[in-house]
Amino acid sequence: MEGMDENRIPRPPDGHGSPDAYQAGPGPGPGPTPPAAPQPEPKQAAPRAVLTAAAYGFAMPWAGAGVVSGAFIAVMAAAFAELGPLFVVVIVLVLAALPASAFGVWRLGRALLRAAGARAPKTVASVGTGCFALSGLLFHGGASTADDLAVVGLAAGLAVGGGCALTELSPRIRALGIAVAVVGALAAQLALPPVIAWYEARSERRTAMGDPDTDFAVLDGPEWTRTGVSDQYGRLALFYEHRDGDGVRVETWNGEHAEPLDYQCDYRQMECERQDGLLIVREEGVIDKVRTVLPDGTVASVHPEERDGAPDLVAAAQDVRAGTSEEREEIIDAAEG
């Protein structure tokens with residue numbers, strides 16, 4: 001037909017029978033890419049499961065130390081009971097009980113975690129059981145003692161409990177949780193006991209120093225070196241070594257049992273002599289100790305140590321003076337015994 005567009009192609013009737021025309025364009029091709037299906041969100045850890053994992057982990061260091069202690073007590077009791085050949089049976093039973101207890105701990109942990117709806121009951125149970133065995137071995141090896149158990153067990157329990165909780169909380173931080181549990185158990189057993197011992201020794205030295213407002217004696221001679229400090233019968237005792245190897249002990253009578261300067265001078269075998277502000281005490285003719293008085297009236301006494309040689313106690317006592325506040329803190333923080 002004249003005037004009809006040649007590029008216009010008739011389109012078949014639509015569903016209502018109405019003809020239309022296709023738009024000119026390229027031939028058939030792939031349709032648009034459908035949108036990707038949304039990924040399901042990872043299942044959140046149940047709070048009950050996380051708390052169960054933390055409680056399970058907290059108990060493991062205590063359980064490990066308890067099982068090993070029980071095994072040791074059983075062996076020692078059997079040894080002192082003179083069981084004869086039955087002692088071998090006890091040893092075998094004890095050795096069998098250790099791995100059996102570890103397996104029982106793992107089974108128990110897995111069952112508790114499953115009951116709490118945990119996502120990784122086997123993994124958490126394995127971490128806890130590993131720390132159970134590790135704590136038991138370190139405790140048996142002497143890394144810590146029963147006196148340290150309260151502090152070490154609490155620290156290790158918190159670390160292992162936190163690690164087990166992290167292990168259950170999310171797969172993304174599972175490795176971190178395992179590291180926290182293992183490193184925490186190791187650090188608690190190996191690092192805390194020396195810290196506890198140092199703190200207790202420091203507290204004893206502070207007690208031995210007595211009232212900060214009272215004097216204490218130090219040996220201030222160029223040829224003497226302080227080698228130690230202790231609490232001798234409720235008195236501060238500082239130990240010094242002369243460069244020739246002789247040793248003396250300088251006591252400050254600042255405890256509850258402080259005595260007067262002439263204490264023991266009325267004993268039959270004792271002989272006391274005053275010389276240049278010193279009191280020389282001889283026992284059966286031999287100088288046993290030399291005493292002096294500090295500015296505030298506190299008595300200081302110089303004694304020989306049980307070593308070869310005979311130190312000049314009179315010369316040492318002449319170098320005794322009252323210590324300063326800085327020296328007090330230095331002695332309290334001293335690393336020597």
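Between Thr298 atom OG1 and Leu261 atom CG the span is 12.0 Å, to the nearest 0.5 Å. Atom OG of residue Ser230 and atom CZ of residue Arg235 lie 12.5 Å apart, to the nearest 0.5 angstrom. Put simply, OG1 on Thr292 and CG on Leu294 are 6.5 Å apart, with the number rounded to the nearest 0.5 Å.
By the side chain to side chain donor-acceptor pair (under 3.5 Å) test, Arg321 pairs with Asp220, Glu327, sequence neighbours left out.
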Take Phe58 and Leu158 through the test side chain to side chain contact (heavy atoms under 4.5 Å, CB included) and record every step on the way to the result. CA-CA 6 Å; Phe58 179 80; Leu158 291 174; 4.1 Å; yes
Give the intermediate values and the outcome of side chain to side chain contact (heavy atoms under 4.5 Å, CB included) for residues Met270 and Cys265. CA-CA 6 Å; Met270 295 295 185; Cys265 287; 5.8 Å; no
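Hydrophobic cluster membership for Leu112: Leu108 (Ile, Leu, Val, Met, Phe, Trp, Tyr linked by side-chain heavy atoms under 4.5 Å, directly or transitively).
Remark: the Trp106 side chain and the Ser126 side chain contain an N/O donor-acceptor pair separated by less than 3.5 Å.
Between Thr324 and Phe216, the shortest heavy-atom contact is O-CZ, 3.4 Å. Taking every heavy atom of both residues into account, Pro304 and Asp288 meet most closely at CD-O, 3.3 Å. In terms of heavy atoms, Leu169 sits closest to Val50 at CD1-CG2, 3.9 Å. Closest approach of Ala159 to Val180, counting heavy atoms only: O-CG1, 3.7 Å. What you find for Trp253 and Pro260 is that their closest heavy atoms are CZ3-O, 3.3 Å. Considering all non-hydrogen atoms of both residues, Ala165 and Ala54 come closest at CB-CB, 4.0 Å.
Looking only at distances, a side-chain donor or acceptor of Glu168 sits under 3.5 Å from a matching main-chain atom of Ala120. In this structure, Tyr56 contributes its side chain and Leu113 its backbone to no donor-acceptor pair below 3.5 Å. At distances below 3.5 Å, not a single donor-acceptor pair connects side-chain atoms of Thr167 with backbone N or O atoms of Val124.
The 12-atom threshold is exceeded at CZ of Arg202, counting heavy atoms of other residues, nucleotides or ligands nearer than 6.0 Å.
A continuous path of ILVMFWY side-chain contacts below 4.5 Å connects Ile332 to Leu236, so both sit in one hydrophobic cluster.
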